[in-house]
**Q** 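Quick one: this structure, given as structure tokens, is what I'll be asking you about.
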Amino acid sequence: MLVVGGGTAGWLSACHLARRLSPDNPDGVRVTLIESEDIPTIGVGEGTVPAIRQSLNYLGISESEFIRECDATFKQSIKFVDWVRSPGQSGRRYYHHVFDYPDSRAGDLTPYWLAQDGAVPYVDAVSVQGRVCDRGLAPKDITQPEYQGYTSYAYHLDAAKFARLLTRHAVEKLGVRHLTGNVLRARQAENGDIAAVETDKHGEISADLFVDCTGFSSLLLGQAMRVPFKDKSGQLFADFALAAQVPYGEERAPIPSHTIATAQESGWIWDIGLPHRRGTGYVYSSAHTEHQRAEDVFRQYLGSAGETAQVRRIPMMVGYRERFWQGNCVAIGLSQGFVEPLEATGILVYDATARMLADTFPANRHVMGIAADQFNRHTRYAWDRVIEFIKLHYCISRRNDSEFWRDNRDPASIPDSLLEKLELWRFQPPTEYDFPSKLEIFNLPNYLYVLYGMEYGTSLDAVHGRYGAGGHANARFAEIAQLGQQLCEHLPQHRELIEKISRFGLQAV
């Protein structure tokens, strides 16, 4: 098997495949990765979701090593600023989409929160984690073993350093063969399969299965096998990103334990904290603003740091391939699909599909077509659900300060499946039956945090008689508030914990 292309997607794929297929075993499958030394990692975002924690543990990577070598920090939430209403209007300016699921020990608390008319933010009523984030606290303390925490968490990281860590782990611990060189073209067999790739340093390299991790160029699946790209820019308008790395204003400035996503006139700005710098960027729609105007907005957000910041402009192809596995070629990463990094969906989907490929790897070429059909169905479902969830953040906003926000509410730009759900949720809260697949990328809790963080209007007038446990719910709300206060008194500041882990490490699992 040959993985073509490195970066996060390539090396995650190689690690998952090698972890499952035992390349050092005589009866295993040999995994080789070839990458160019001339192509830098794009790295428009540096955020992850909690699934990456399970993957790192599964792959055998030490959390202490990961935090030290990737300049990683903890991420417990995305803080959405100015998404609900236009700046200057009265009301709450932000809400959290935290990683802890809403408390359900007394049943679903959502309808009882709705009955209180939002006196307390939804996240604070059903979870302790919003309070933890607002106080700049870590999700764990130094006494807890690796990959364990009082709250659920993911990471912010340096993408280039993460790729280097995965490279070393794949080669030294998992038996992946690593080649450097440029792939010039693919040679196809008569049946349409890729027979081999031609390289500048290693001649022709043949394989039974090729994994295309060549980025937006999609050298194998897109160019050689001519699988069309399905454009989704009519639903998600943001097609460019400006990115910059900026220093902190002071050496030991607090590190937020969440991503800050601040809505702007034609998109939004991400702001994440690493130990020694901030990673920032402006994701915007070129159909709704000029490039220079976008850069001016971005630099204004950065303040004094924006005067000298080096800003990269990155075009984004919004959508996915019509098929992700054709013949003996599978795409993972940007060659598979991409949407804006609002909920860190890139690494999430690439990690999930790499794991699926490894776990469903076909026994022989005879059944490869069946495995491909299954992979294509599952992956397309995942991308459609990702697009639906990202669109949710825009289409229920009340912002009216620009065409960008007004256009996002046009029903023609909203997936039919989402329109149907939103109509249902006007009259009753979402339930787990609205998310029936075991392979959902985003589930009921994710939707609840966004819907009610954005103050979506669900009326209980026709169904209030179904909810007669108000006393128990109110008692649970009080308990959650008390637990949140106790946890905030116990947890360390985020920067303090990161510095301790760098010095002492965490207890290995």
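Starting from 1, each residue takes its place in the sequence as its number. Atom set for the values below is all heavy atoms of this structure, side chains included, hydrogens, waters and symmetry mates excluded. Since the model is a prediction, treat every value here as computed from it, not as a measurement.
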**Q** Could you give the distance from CD1 (Ile441) to OH (Tyr381), rounded to the nearest 0.5 Å?
**A** 10.0 Å

**Q** Can you confirm if the NZ or CZ of Lys391 lies within 45° of the ring axis of Phe237 and under 6.0 Å from the centre of its six-membered ring?
**A** yes

**Q** Whether Glu496 and Lys500 form a salt bridge (side-chain N of Lys/Arg under 4.0 Å from carboxylate O of Asp/Glu) is what I want to check.
**A**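 A salt bridge links Lys500 with Glu496.
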
**Q** Indicate, with yes or no, if the rings of Trp325 and His378 have centres closer together than 6.0 Å.
**A** no

**Q** Does the side chain of Pro102 come within less than 4.5 Å of Ser127's, by heavy atoms?
**A** no

**Q** Taking all non-hydrogen atoms of both residues, which atom of Leu422 and which atom of Tyr456 are closest, and how far apart?
**A**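 In terms of heavy atoms, the two residues are closest at O-OH, 2.5 Å.
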
**Q** Using atom types as modelled and distance alone, determine if a side-chain donor or acceptor of Arg299 lies under 3.5 Å from a backbone N or O of Glu295.
**A** no

**Q** Would you confirm whether Thr151, through its side chain, and Gln129, through its main-chain N or O, come within 3.5 Å as a donor-acceptor pair?
**A**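 No, the answer is negative, given that no donor and acceptor are paired below the 3.5 Å cut-off.
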
**Q** Show your reasoning for whether side-chain hydrogen bond (donor to acceptor under 3.5 Å, both in side chains) applies to Glu265 and His288.
**A** CA-CA 9 Å; Glu265 60 189 32; His288 292 87; over 6 Å; no

**Q** I'd like to know whether Trp270 forms a ring pair (Phe, Tyr, Trp, His ring centres under 6.0 Å) with His156, so could you lay out the CA-CA distance, the side-chain angles of the two residues, the decisive distance to 0.1 Å, and finally the verdict.
**A** CA-CA 12 Å; Trp270 80 76; His156 295 129; over 10 Å; no

**Q** Quick one: sort the His97 and Phe80 rings into parallel, tilted or perpendicular, breaks at 30° and 60°.
**A**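 Ring orientation, 0 to 90° scale: parallel.
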
**Q** Closest heavy-atom contact between Leu174 and Ala18?
**A** O-CB, 3.5 Å

**Q** Once you round to the nearest 0.5 Å, how far does OG1 of Thr8 lie from CD1 of Ile332?
**A**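 One gets 13.5 Å once the value is rounded to the nearest 0.5 Å.
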
**Q** Checking the side chain of Thr345 only, and the main-chain atoms of Val386 only, is there a donor and an acceptor separated by less than 3.5 Å?
**A** no

**Q** Of all the heavy-atom pairs spanning Cys15 and Leu166, show the shortest one and how long it is.
**A** SG-O, 3.8 Å

**Q** Would you call Asp71-Arg277 a salt bridge at under 4.0 Å N-O?
**A**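 Not counted as a salt bridge, because no side-chain N and carboxylate O are separated by less than 4.0 Å.
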
**Q** Hey, which of Gln264, Glu290, Glu340, His291 is the one that makes side chain to side chain donor-acceptor pair (under 3.5 Å) with Tyr284?
**A** His291

**Q** Whether Glu403 and Arg406 form a salt bridge (side-chain N of Lys/Arg under 4.0 Å from carboxylate O of Asp/Glu) is what I want to check.
**A**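 Yes, charged N to carboxylate O under 4.0 Å.
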
**Q** Sub-3.5 Å donor-acceptor pair from the side chain of Glu63 to the main-chain atoms of Tyr147, do we have one?
**A** yes

**Q** On the six-membered ring of Phe389, is Arg385 placed so that its NZ or CZ lies under 6.0 angstrom from the centre and within 45° of the ring axis?
**A**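 No - Arg385 does not lie over the ring of Phe389 by the 6.0 Å and 45° rule.
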
**Q** For Ser217, does its backbone N or O pair with a side-chain atom of Thr214 as donor and acceptor, under 3.5 Å?
**A** no

**Q** When you compare the side chain of Leu357 with that of His16, does any pair of heavy atoms fall below 4.5 Å?
**A** no

**Q** Look only at the side chain of Arg399 and the backbone of Trp83, and say whether a donor-acceptor pair between them is shorter than 3.5 Å.
**A**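 Checked: no pair found.
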
**Q** Do the charged groups of Glu198 and Arg185 touch, with an N to O distance under 4.0 Å?
**A** yes

**Q** Apply side chain to side chain contact (heavy atoms under 4.5 Å, CB included) to residues Thr379 and Tyr320 and explain how you reach the verdict.
**A** CA-CA 10 Å; Thr379 305; Tyr320 52 75; over 6 Å; no

**Q** Please report the C-alpha distance between Gln89 and Arg398 in whole Å, then the side-chain angles of each, then the deciding distance to 0.1 Å, and finally whether the side chain to side chain contact (heavy atoms under 4.5 Å, CB included) criterion is met.
**A** CA-CA 10 Å; Gln89 293 183 337; Arg398 301 173 197 167; 5.7 Å; no

**Q** Measure up the Tyr122 and Tyr452 rings against each other and bin them: parallel (under 30°), tilted (30 to 60°), perpendicular (over 60°).
**A**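 Answer is tilted, since the angle falls between 30° and 60°.
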
**Q** I'd like to check Glu343 versus Val450 (side-chain heavy atoms, cut-off strictly below 4.5 Å). Are they in contact?
**A** yes

**Q** Tell me if the aromatic rings of Phe404 and Tyr394 count as close, with their centers under 6.0 Å from one another.
**A**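 For Phe404 and Tyr394, the ring centres are under 6.0 Å apart.
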
**Q** Once rounded to the nearest 0.5 Å, what's the spacing between atom CE of Met316 and atom CG of Leu334?
**A**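 Nearest 0.5 Å value for the CE-CG distance: 11.0 Å.
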
**Q** So how far is it from Ile260 CD1 to Ile78 CD1, rounded to the nearest 0.5 Å?
**A** 11.5 Å

**Q** Pick out which of Asp134, Asp82, Thr262 makes a side chain to side chain donor-acceptor pair (under 3.5 Å) with Tyr94.
**A** Asp134

**Q** Which heavy atom of Val84 sits nearest to which heavy atom of Gly453, and what is that distance?
**A**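 That would be CG2-O, 3.8 Å.
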
**Q** Roughly how far apart are Cys488 SG and His490 NE2, rounded to 0.5 Å?
**A**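 Here the rounded value is 11.5 Å.
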
**Q** Go through the structure and list residues passing salt bridge (charged side-chain N to carboxylate O under 4.0 Å, His left out) with Glu146, not counting sequence neighbours.
**A** none

**Q** Taking the side chain from Ser266 and the backbone from Ser285, do they hold a donor-acceptor pair closer than 3.5 Å?
**A** no

**Q** Would you say the rings of Phe66 and Phe162 are close, in the sense that their centroids are separated by under 6.0 Å?
**A** yes

**Q** Among Asp200, Thr180, Asn182, exactly one meets side chain to side chain donor-acceptor pair (under 3.5 Å) together with Ser36. Which residue is that?
**A**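 The residue from Asp200, Thr180, Asn182 that satisfies side chain to side chain donor-acceptor pair (under 3.5 Å) with Ser36 turns out to be Asn182.
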
**Q** Which label fits Phe216 and Phe338: parallel for a plane angle under 30°, tilted from 30 to 60°, or perpendicular past 60°?
**A**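 Aromatic pair Phe216/Phe338 classed perpendicular.
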
**Q** What is the minimum heavy-atom distance between Asn443 and Glu440, and which atoms define it?
**A**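 Minimum heavy-atom contact is OD1-CB, 3.2 Å.
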
**Q** Report the relative orientation of the aromatic rings in Tyr153 and Tyr155; use parallel for angles under 30°, tilted for 30 to 60°, perpendicular for over 60°.
**A** perpendicular

**Q** Check the pair Asp351 / Ser55 against side-chain hydrogen bond (donor to acceptor under 3.5 Å, both in side chains), numbers first and verdict last.
**A** CA-CA 8 Å; Asp351 182 42; Ser55 288; 2.6 Å; yes

**Q** Under the rule for salt bridge (charged side-chain N to carboxylate O under 4.0 Å, His left out), what residues qualify as partners of Arg278, not counting sequence neighbours?
**A** Asp271

**Q** Taking all atoms of both residues into account, what is the closest heavy-atom pair of Leu444 and Pro430, and its distance?
**A** CD1-CB, 3.5 Å

**Q** Could you tell me whether the side chain of Asp239 reaches within less than 4.5 Å of the side chain of Ser286, counting heavy atoms only?
**A** yes

**Q** I want to check a possible cation-pi pair here: Arg355 against Tyr58, using under 6.0 Å from ring centre and within 45° of the ring axis as the test.
**A** yes

**Q** Can you confirm whether more than 12 heavy atoms, excluding those of Gln300, are under 6.0 Å from its CD atom?
**A**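 No - once you tally the heavy atoms of other residues, nucleotides and ligands closer than 6.0 Å, there are 12 at most.
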
**Q** Got a second to check how far Leu497's CG is from Leu137's CG, nearest 0.5 Å?
**A**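 Atom-to-atom, Leu497:CG and Leu137:CG are 10.5 Å apart.
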
**Q** Within a strict 4.5 Å, meaning less than it, do heavy atoms of the Met356 and Thr353 side chains meet?
**A**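 A side-chain contact under 4.5 Å exists here.
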
**Q** More than 12 foreign heavy atoms under 6.0 Å from CD of Glu489: is that the case here?
**A** yes

